[in-house]
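Only heavy atoms go into these numbers, but all of them, side chains included; no hydrogens, no water, no symmetry mates.
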Amino acid sequence: MKFSCCRTDLLNAVNIVERAVASKSTMNILEGIFIEAKENTIRFLGNNLELCIDCSIPGSVETKGCCVVKANLFSDAVKKLPSYVDDVQIEVNESNSIFLSCGNAKFNFSTASADEFPRPQELHALNEISISEQVLKNMIRQTVYAVSQNDTKPYLTGILFDIKDGFVNVVGCDGYRLAIRREATSHAGGLKFIMQGKTARELLSLLGETDYEVKIKVNEKQAQLTLKNCVVTTRLIDGDYLNYEGVAKHENTLFVVTETRDILDSVDRASLIASEAVKAHVLLQIKDGQVHINCETVLGQVKDKFEVNMQGEPIEIAFNPRYLLEAFKNTETKEIKMSFSTALNPVVIQPIEGESFRYIVLPVRLH
């Protein structure tokens with residue numbers, strides 16, 4: 001195998017596929033990057049059996065072939081190539097050593113046979129949908145923060161895609177808070193699947209801010225996303241997701257409209273004396289057109305207040321400050337509406353108009 005390619009193209013491809021390389025595996029081959037040179041195209045693959053990323057770049061191929069190279073070595077070498085030259089030559093000799101040269105820098109490593117490397121199969125889709133990459137990125141970002149880090153209920157470690165009635169609903173939940181993002185779609189029919197949270201977080205780094213239409217193919221076990229610069233194949237999570245539409249269906253008695261920045265900054269100040277080590281709650285007292293916020297721990301006390309537009313009965317309710325902050329940071333609207341019923345029922349956070357998002361946070365029970 002022998003080819004040359006652009007250094008920046010090579011760097012981008014390696015940065016992309018190494019996200020799917022296994023850091024430690026009983027199958028050593030999965031700790032490598034698969035490289036294939038064919039017809040003026042260089043293909044790179046990372047595959048940890050749960051996530052596979054397939055990326056191709058243009059190149060000048062003199063001799064076709066394929067190999068697997070240790071990912072950490074190859075990646076570090078590519079990142080350290082001199083920036084004053086943008087042409088890289090790569091060759092694998094008969095003794096299966098790979099030679100990488102750029103300017104005066106030269107590297108060589110041993111390689112493994114590509115025969116054992118698992119390559120993605122063509123996905124025979126049961127259903128398919130297209131979503132703009134900018135919209136998809138926002139929907140994932142605004143829900144993946146709420147997924148569970150606990151494997152007790154595996155389906156909660158992923159985000160739900162629920163396409164029905166002309167809308168795409170993306171949902172994240174960990175049992176203490178629920179995040180729902182909603183966008184209209186021209187897709188006819190229904191489609192529902194649970195994407196792994198780990199995959200969703202990797203997609204945030206791979207997706208851009210354009211109107212490019214990402215194609216998502218889905219079968220019973222896998223989803224395959226065709227992005228602008230790569231193809232991502234991921235294993236889906238089995239199981240039935242919770243009835244997210246039935247959460248917080250209680251009758252609310254207090255409605256608060258506030259500037260998002262006001263309540264975000266206030267809770268952020270109050271949480272200054274709370275941390276993972278020092279567990280604490282923020283207490284909200286909503287009365288007389290004001291929100292009074294109080295946080296008290298062994299480290300000290302923070303008090304704050306700000307004006308709001310309120311309708312309904314006053315309330316005193318406590319929350320985990322991190323849950324509130326993450327919800328407020330993902331609203332992307334200047335103002336929000338918060339709906340309350342009792343100190344034991346969750347708060348519902350929504351935009352003033354429309355239904356683009358719905359965040360639900362359970363309160364902390366006060367003793």
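Looking at Pro82 and Asn104, their side chains never come closer than 4.5 Å, going by heavy atoms from C-beta outward. Residues Asn219 and Leu123 form a side-chain contact, since some pair of their non-hydrogen atoms from C-beta on lies under 4.5 Å apart. Residues Thr258 and Val291 fail the side-chain proximity criterion, which asks for heavy atoms closer than 4.5 Å. Taking the side chain as every heavy atom from C-beta outward, Leu10 and Ile90 approach each other to under 4.5 Å. Between Gln149 and Asp174 the shortest side-chain heavy-atom distance does not fall below 4.5 Å. Side-chain contact between Arg177 and Arg322 is present, with heavy atoms from C-beta onward closer than 4.5 Å. With contacts defined as side-chain heavy-atom distances shorter than 4.5 Å, the pair Arg19/Leu206 qualifies. With a 4.5 Å cut-off on side-chain heavy atoms, Ile336 and Ile263 count as touching.
Sorted by first and then second residue, the ring pair (Phe, Tyr, Trp, His ring centres under 6.0 Å) pairs involving residues 98-128 (not counting sequence neighbours) are Phe34-Phe117.
Side chains of Asp87 and Gln89: a donor-acceptor N/O pair is present below 3.5 angstrom, by distance only. Asn150 and Ser148 are not linked by any side-chain donor-acceptor pair at a separation below 3.5 angstrom, with hydrogens and angles left out of the test. Between the side chains of Gln301 and Asn294, at least one donor N or O lies within less than 3.5 Å of an accepting N or O. If you check the side chains of Glu133 and Thr210, you find a donor sitting under 3.5 Å from an acceptor. Defined by atom type and a distance below 3.5 Å, a donor-acceptor pair is missing between the side-chain atoms of Ser97 and Asn108.
Residues Tyr155, Leu156, Val171, Leu178, Ile180, Ile194, Ile237, Tyr241, Leu242, Tyr244, Val247, Val348, Ile360 make up the rest of the hydrophobic cluster containing Leu160, defined by ILVMFWY side-chain heavy atoms closer than 4.5 Å, directly or through other members.
Of all non-hydrogen atoms in Ala343 and Pro363, the two that sit nearest each other are O-CG, 3.4 Å. Of all heavy-atom pairs spanning Ala71 and Ile33, the tightest one is CB-CG1, 3.7 Å. When every heavy atom of Val92 is checked against every heavy atom of Cys67, the shortest pair comes out as CG2-SG, 3.9 Å. Pro351 and Lys337 get closest at one heavy-atom pair: O-CB, 4.3 Å. The nearest pair of heavy atoms linking Tyr145 to Ala327 is OH-CA, 3.5 Å. Listed here is the closest heavy atom pair of Ile29 and Ala112: CD1-CB, 4.0 Å.
Crowding of Glu209 atom CD: a count of heavy atoms from other residues, nucleotides or ligands under 6.0 Å exceeding 12. Heavy-atom contacts from other residues, nucleotides or ligands closer than 6.0 Å to CZ of Arg119 number more than 12. Residue-environment remark: CD (Glu313) stays at or below the threshold of 12 foreign heavy atoms within 6.0 Å. Taking a 6.0 Å sphere around NZ of Lys164, one finds it holds more than 12 heavy atoms contributed by other residues, nucleotides or ligands. By the neighbour-count criterion of 12 heavy atoms within 6.0 Å, atom NZ of Lys79 is densely surrounded, having more than that number from other residues, nucleotides or ligands. Atom CG of Asn243 sits in a crowded spot, with more than 12 heavy atoms from other residues, nucleotides or ligands closer than 6.0 Å. When the shell of 6.0 Å around CD of Glu220 is examined, it contains 12 or fewer heavy atoms from other residues, nucleotides or ligands. Glu355 CD: 12 or fewer foreign heavy atoms inside a 6.0 Å radius.
No side-chain donor-acceptor contact under 3.5 Å links His292 to the backbone of Leu283. Side-chain atoms of Asn93 come within 3.5 Å of backbone atoms of Asn96 as a donor-acceptor pair (strictly under, hydrogens ignored). Within the 3.5 Å criterion, the main-chain N or O of Asp262 finds no donor-acceptor partner in the side chain of Ser266. A donor-acceptor pair is defined here as one N or O able to donate and one able to accept, closer than 3.5 Å; such a pair exists between the side chain of Asn48 and the backbone of Glu50. In this structure, the side chain of Asn330 engages the main chain of Glu326 through a donor-acceptor pair within 3.5 Å. Proximity of a side-chain donor or acceptor of Ser75 to a complementary backbone N or O of Asn72 within less than 3.5 Å is not detected. When atom types are taken as modelled, the side chain of Asn127 and the backbone of Gly190 share a donor-acceptor pair closer than 3.5 angstrom.
Taken together through direct or relayed side-chain contacts under 4.5 Å among Ile, Leu, Val, Met, Phe, Trp and Tyr, Tyr176 and Tyr359 form part of one hydrophobic cluster. Val231 and Val214 are not part of a single hydrophobic cluster, where members link through side-chain heavy atoms under 4.5 Å apart. Hydrophobic cluster membership differs between Ile293 and Val302, with clusters built from Ile, Leu, Val, Met, Phe, Trp and Tyr side chains linked at under 4.5 angstrom. Note on Val361: it clusters hydrophobically with Ile315, by side-chain heavy-atom contacts below 4.5 Å among ILVMFWY residues. By the rule that hydrophobic residues join a cluster once side-chain heavy atoms approach within less than 4.5 Å of another member, Ile273 and Val298 end up as members of one cluster.
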| request: Would you please test Leu203 and Met195 for side chain to side chain contact (heavy atoms under 4.5 Å, CB included) and show each step? | output: CA-CA 11 Å; Leu203 283 172; Met195 179 186 288; 3.6 Å; yes

| said: What verdict does the salt bridge (charged side-chain N to carboxylate O under 4.0 Å, His left out) test give for Arg181 and Glu332, after you've listed the backbone C-alpha separation in whole Å, the side-chain angles of each residue and the deciding distance to 0.1 Å? | reply: CA-CA 12 Å; Arg181 270 287 277 114; Glu332 286 194 339; 5.8 Å; no

| task | Would you please test Glu31 and Lys70 for salt bridge (charged side-chain N to carboxylate O under 4.0 Å, His left out) and show each step? | result | CA-CA 6 Å; Glu31 296 175 22; Lys70 192 76 172 173; 2.8 Å; yes

| request: Could you go through the side chain to side chain contact (heavy atoms under 4.5 Å, CB included) check for Ile352 and Thr333 one step at a time? | output: CA-CA 9 Å; Ile352 302 298; Thr333 55; over 6 Å; no

| task | List the steps, then state whether side chain to side chain contact (heavy atoms under 4.5 Å, CB included) holds for Arg365 with Leu344. | result | CA-CA 7 Å; Arg365 186 183 292 268; Leu344 300 179; 3.8 Å; yes

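Atom CD1 in Ile16 sits 4.0 Å away from atom SG in Cys55 (nearest 0.5 Å). Going from atom CZ of Arg182 over to atom CZ of Arg358 covers 10.5 Å, rounded to the nearest 0.5 Å. Rounded to the nearest 0.5 angstrom, Glu36 CD and Arg43 CZ are separated by 5.5 Å. Interatomic distance, CG of Leu49 versus OG1 of Thr233, reported as 12.0 Å (0.5 Å rounding). Note that the CG atom of Leu204 and the NZ atom of Lys137 stand 7.0 Å from one another [nearest 0.5 Å]. Residue His281 holds its NE2 atom at 8.5 Å from CD of Glu296, rounded to the nearest 0.5 Å.
Taking the six-membered ring for Trp and thresholds of 30 and 60 degrees, Phe161 and Phe193 have nearly parallel ring planes, at less than 30 degrees apart.
Salt bridge status for Glu316 with Lys287: absent, with no side-chain N to carboxylate O gap under 4.0 Å.
The side chain to side chain contact (heavy atoms under 4.5 Å, CB included) test with Phe74 is passed by exactly one of Val21, Ile98, Thr111: Ile98.
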